[in-house]
Amino acid sequence: MTVIQEFEKHPLAKYLRAERFPHIWCEGCGDGIILHCFVKALDDLAVDIDKFVVVSGIGCIGRAAGYVKCDSFHTTHGRPIALATGIKLANPKLTVAVLSGDGDLFAIGGNHFIHAARRNVDLTVICSNNFNYGMTGGQSGPTTPLDSYTTTTPYGNIEHPFNLVHLAAAAGSVYVARWTVLHVRRLAESIKKALRKKGFKFIEVISPCPEIYGRRNKLGKAIDIMKLYRQISEIRHGYDPAKAEITREKIVVGEFIDIEKPTYGELLQKQFIKIQQKLSEG
Amino acid sequence: MVSQREVLTGKHLMQGDVACAEGAIAAGCKFFAGYPITPATEIAERMARRMIEVNGMFVQMEDELASMAAIIGASWAGAKAMTATSGPGFSLMQENIGLAVMTETPCVVVNVMRGAPSTGQPTEGAQQDVMQSKWGSHGDYSIIALAPASVQEMFDLTIECFNLAETYRAPTFLLADGFTGHLWERVVIPSPEEIKIVERKKPVVSPDKYMPFKPDEDLVPPMACFGEGYCVHVTGLTHDELGYPKTTDPKVQHKLVNRLCEKMRKNANRIVRTYESMLEDAEVAVIAYGIPSRASLNAVKKARESGIKAGLLRLVTVWPFPEKQIEELATRVNAIVVPEMNCGQIVREVERVAKETPVHLLSKIGGELHSPSEIFEAIRRAAGI
Amino acid sequence: MSASRLLTPVVKRKKLADVEWNVIEDFCKGCSFCIEFCPVDALEESDRLNAKGVHPPKLKSEDACIGCGLCETLCPDFAIYLEKKEGKGDKE
């Protein structure tokens, strides 16, 4: 039996392009766990995989689109949300999820994020936040903590990081949650909840980058970073996302926002019926 | 088949930009994403009113990067898709134009060209983005670009852009200019039956046998869209025929990129369209595209009246460049005059193809059209009179 | 509230499902998340070296696993999977 044949016995392998495994991510990288929780959510919800599309941008987690066994698009850097908007609006029957990283979604793609949230396009956006640009060797990004070391902040970072859940909530997301990759069950449940809900949903996942960010900031091995998550995570559902901090002493996780608001598609449908009625009346 | 609501059959007095929007709708466009910009805004405004009437989708995006990305997404979701812009927006779109090329996404991009560089002359027409449309994104690739010279052609050529985009799976440009975009002229819109519409080629094999980027004889792969059960992976990375990234294999890159270039070269005979006027015995040829071809025709007539054997070759297709036509023409004439509304772009291509035959540029920028007498003077000089 | 307790509701050694625990040894990159976070401490490093030069995990004893599935989900490399044993009791 080849490794791939063995892998095909994995209960979630049917949602993955088995022939492309093992994946490219480093030892202890959280992206594999995020992908795992994601396909687990698809399995639990028994989604119609023929009507499901995964879109990702550029970066380590960007490769996720190429591992999921459904229609998928690996876009240009920063543009997955804009491209996903086109897919969803052109064919509302498709369920569209975006898996990307902190740099892709919030630096180069920040404008697309806030506007898709404002429009309330029906998308589920999952962000792997590893605090740096891993794929290019560990440069600072929009979530790099103050004083952290990266290749482009060799004397320590002097830029204030984004609080992604605060940003998502302020831009209008109807569902906002944050987990670490250690919270696998809650993360998978959160993804399921987001996929069932209509509108622009955002889940931030704090994910270890042991080989690059971790090494440069002396965080130890992947297992040490995971132990740190266990030690300093604090679950606070319904907490004000503005105050949901990420420091070396505390990571506030939980579901922060869960509201109802008409989606872009729903409002358009209303308008469409009105216009069609007017036209048929001549 | 499109309905009466989609094709406004009849005679209209219409603005160029509006005619372009109506051409798109007649061609079956069901998705428009755009961002306001002079002098292309009227296309978006018309689409905002009209798409909802024809069961289509209009969305105003946050910028042109997003507009281009959205039409690529929409095209993969199965819709005929378009965006419209002008120079500054066209520059922003270059990134995802490259993505559309690499992923072989049928889509139409209208560039109503204005004075440039940078913010330049928003309200003045120009032809300064001709080379950008060919080479604007990084890397080697090929696209199709058509240049309308009237409001009627804003309608007709937009339909043709859609048909070519769907046939060859490439971003296809309508290279209009601010003058034609804002011009009001008579447009005759035919009945739906008279309009030729092309749909993209679909796979004829089952999903387990389908290779999304394996080309047919014409170098174009059949396209399965999202939601059709073919489980397609699309990436801007160098990919094999299955669509999977193969970024370090020289053979894969060589095969893919050469096919993307070769696709247009091989099909050039079917794509390229030019119009000839009075060229049979011509000694001086004017080669023009877009709005300067109108003054050029008048100038050629004037030259004939004064005894100069002049003729006009009008390029409807700018890219792929009509090499054969011009190469052949260059062997018959003594001189070529190229009037363009830039500092000399297409003239370089003409020079390359015309070889020994002298080529004279008649450049005009600033927001004024070439006058027939200016072009006539250039013909006279070229004829050595 | 301690996060470790919230990680998994499983704190007792109660069998949740009768499962066969499997590891695809050559997929393992050796992060040891499965060993560290197993709620019943059922896993340990094996003596074998896989193709990547790491020691994949193994069960300490046949009946050590209670079938909670945490290691499966927590494995970043899809190297662990549980198979239900036929005809036996289902999850609680």
Side-chain angles (χ1 to χ4, degrees), chain A residues 17 19-20 24 48-58 62-63 65-96 108-109 111-116 118-119 121 264-265 268 271-272 274-276 278-279, chain B residues 5 30-33 49 51-81 83 95-100 102-103 105 107 137 207 212 224-237 239 242-245:
Chain A
R17 297 177 189 265
E19 72 276 18
R20 305 206 61 225
I24 63 160
D48 180 358
I49 205 72
D50 283 345
K51 301 288 174 203
F52 198 93
V53 184
V54 174
V55 184
S56 67
I58 300 297
R63 294 302 185 95
Y67 293 131
V68 184
K69 200 171 180 177
C70 64
D71 290 323
S72 52
F73 208 122
H74 179 219
T75 71
T76 35
H77 196 17
R79 318 298 166 219
I81 292 179
L83 198 127
T85 298
I87 296 171
K88 181 64 193 178
L89 297 185
N91 186 353
K93 286 185 189 126
L94 300 172
T95 304
V96 186
I108 189 166
N111 203 31
H112 310 308
F113 182 91
I114 57 171
H115 286 280
R118 176 180 63 79
R119 276 182 206 111
V121 187
Y264 186 96
L268 179 74
Q271 215 171 48
F272 176 74
K274 215 162 95 188
I275 303 293
Q276 291 295 325
K278 231 183 190 170
L279 285 172
Chain B
R5 197 172 286 163
K30 286 284 180 259
F31 188 93
F32 182 94
R49 277 176 56 108
M51 285 310 267
I52 199 163
E53 295 180 359
V54 299
N55 205 5
M57 178 72 222
F58 166 89
V59 58
Q60 183 173 320
M61 297 300 283
E62 53 274 18
D63 55 33
E64 288 88 349
L65 300 160
S67 303
M68 191 62 212
I71 68 164
I72 294 172
S75 185
W76 279 95
K80 287 188 180 176
T83 186
E95 172 197 64
N96 284 325
I97 285 170
L99 180 66
M102 195 62 152
T103 57
T105 307
C107 55
S137 200
C225 291
F226 292 170
E228 293 175 355
Y230 280 82
C231 190
V232 182
H233 179 59
V234 187
T235 176
L237 288 172
H239 46 271
L242 276 169
Y244 292 150

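Just so it is clear: chains get the letters A, B, ... in the order the sequence lines come, proteins before strands, and each one is counted from 1.
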Which atoms of [X] are under 4.5 Å from chain A, going by heavy atoms: the side chain, the backbone, both sets, or neither?
X: B:M57; result: side chain
X: B:A33; result: neither
X: B:T103; result: side chain
X: B:F32; result: neither
X: B:N55; result: both

When you measure from the side chain of A:R17 to the backbone N and O of A:C70, does any donor-acceptor pair fall under 3.5 Å? yes
Open item on the list: Donor-acceptor check, side chain of A:R63 to backbone of A:I24, threshold 3.5 angstrom: yes or no?
Closed with: no
Shorter than 4.5 Å, heavy atoms on both sides: which option in [options] has the most such pairs with chain B?
options: A:H112, A:H115, A:K69; result: A:H112
options: A:L94, A:I114, A:L89; result: A:L89
options: A:A82, A:S72, A:A90; result: A:S72
options: A:K278, A:Q276, A:K51; result: A:Q276
options: A:K88, A:Q271, A:H77; result: A:Q271

Top residue by heavy-atom pair count (under 4.5 Å) with chain A, among [options]?
options: B:A69, B:G56, B:A77, B:A66; value: B:A69
options: B:V232, B:L65, B:N96, B:T235; value: B:V232
options: B:P212, B:A70, B:G73, B:P207; value: B:G73
options: B:G236, B:G229, B:G243; value: B:G229

Checking A:V53, A:V54, A:L83 against A:F73 for side chain to side chain contact (heavy atoms under 4.5 Å, CB included), the one that qualifies is A:L83
Applying side chain to side chain contact (heavy atoms under 4.5 Å, CB included) to B:M102 and B:L237, what does each step give before you reach the verdict? CA-CA 8 Å; B:M102 195 62 152; B:L237 288 172; over 6 Å; no
Under a 4.0 Å threshold between the charged nitrogen and the carboxylate oxygen, would A:R79 count as salt-bridged to B:E95?
yes
In terms of heavy-atom contacts, B:F226 and A:D71 come closest through CA-OD2, 3.2 Å
In short, A:T75 meets A:P80 closest at the heavy-atom pair OG1-N, 3.4 Å
When the 4.5 angstrom heavy-atom criterion is applied to A:F52 and chain B, the contacting part is neither
If one checks every heavy atom of A:L279 against chain B at 4.5 Å, the contacting part turns out to be both
Sorted by chain and residue number, the side-chain contact (heavy atoms from CB on, under 4.5 Å) partners of B:A81 (sequence neighbours excluded) come out as B:F31, B:I71, B:A74
For B:H239, the ring-ring contact (aromatic ring centres under 6.0 Å, His included) test, sequence neighbours excluded, returns B:F213
Which label fits A:H74 and B:H233: parallel for a plane angle under 30°, tilted from 30 to 60°, or perpendicular past 60°?
parallel
